[in-house]
Each structure stands twice: as C-alpha cells, then as structure tokens.
Amino acid sequence: MIGRLNHVAIAVKDVRAASDLYRGALGASVDPPVPQPEHGVTVAFVNLPNTKIEFLEPLGEASPIAAFLGRNPEGGIHHICYEVDDIAAARDRLVREGARVLGTGEPKIGAHGKPVLFLHPKDFCGTLVELEQA
Ligand code: CO
C-alpha cells in the first residue's frame, strides 16, 4: 500500500540555524522557511535527490512539537512520511488492521497542500507515521 518515502521530519528549535547547518556542512539545497500557523509550526524543506527532510520549528503556544522538543532539547526525528495513492482507502485499511489513526480520522491538508493522516507511534515501531496522498 505505501509507496515512496516523501520526507523525514526533524523537530528543531531554530529552523534557520538548522537550514544553515544543512546548507553549510552538508551542502544541501534548503527552501526558505514557511510559517504554517494552522499547524503550529514553521517548516523548511531540504531537497534531496530521492526524498526530502522537513525541519519543524514550533510556532505559537499550542504547537504540536513543543512537547517533543521539551523531551528532545537538541531536536530529533519527529516523523516519517510515506505516500499513498488513496488516503481514504489507506485509512479504512488501517482501521480494519487495528491501527490507531490520530485526530478525527479525517485527512487534513498538510505542509504540501495534500491530504495527510498521522498514525499512532505505538502501533508502528515507536515512530510517528504520516501518510500523504501522492
Ligand atoms: Co511531515
């Protein structure tokens, strides 16, 4: 069912510092940071030949990654995102398989403007999984 690895998301305290580090030390191409108040994050994408890295910096009081950074002050891998062809069919299959879909179970529009869902890390090897409709 899952297809390509769309991105690996890394929570960071400072998205500009992380972007400078990847540009400088790693020679990466990094897009400018984009505030996404509706998601409580500022996002910057690192473009790799085969996938992307998504830097997530908390934005606002109720940011969903503030607690994660509290536990991981240096930052850390926050989630991985796999592409699926049909997100509603993927959701129905996962529910049948007993996996927990976070939130209401209805896809939301994610950082790329496409529908996404998140799956409970305890059901997937301790890793928060994002599914994005390709
Ligand atoms: Co993501």
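FYI, the numbering just counts along the sequence from 1. Being a predicted model, the structure only gives us computed values, none of them experimental. Start at 1 and go down the list; that is how both ligands and their atoms are numbered.
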Original post:
Does one side chain, of H7 or E130, offer a donor that lies under 3.5 Å from an acceptor on the other?
Top reply: yes
Original post:
Taking everything shown except Y82 itself, do over 12 heavy atoms lie less than 6.0 Å from its OH?
Top reply: no
Original post:
Does the side chain of H78 pick up a donor-acceptor pair with the side chain of E54 at under 3.5 Å?
Top reply: no
Original post:
What protein atoms of element N, O or S are positioned under 2.8 Å from the Co ion (ligand 1)?
Top reply: H7 NE2, E54 OE1, H79 NE2, E130 OE1
Original post:
Counting only heavy atoms not in D85, do more than 12 fall under 6.0 Å of its CG?
Top reply: no
Original post:
Which residues satisfy the side chain to side chain donor-acceptor pair (under 3.5 Å) test with E57, sequence neighbours excluded?
Top reply: none
**OP:** Would you give the length of the straight line joining atom CZ of F45 to atom CG of N6, rounded to the nearest 0.5 angstrom?
**Re:** 7.0 Å
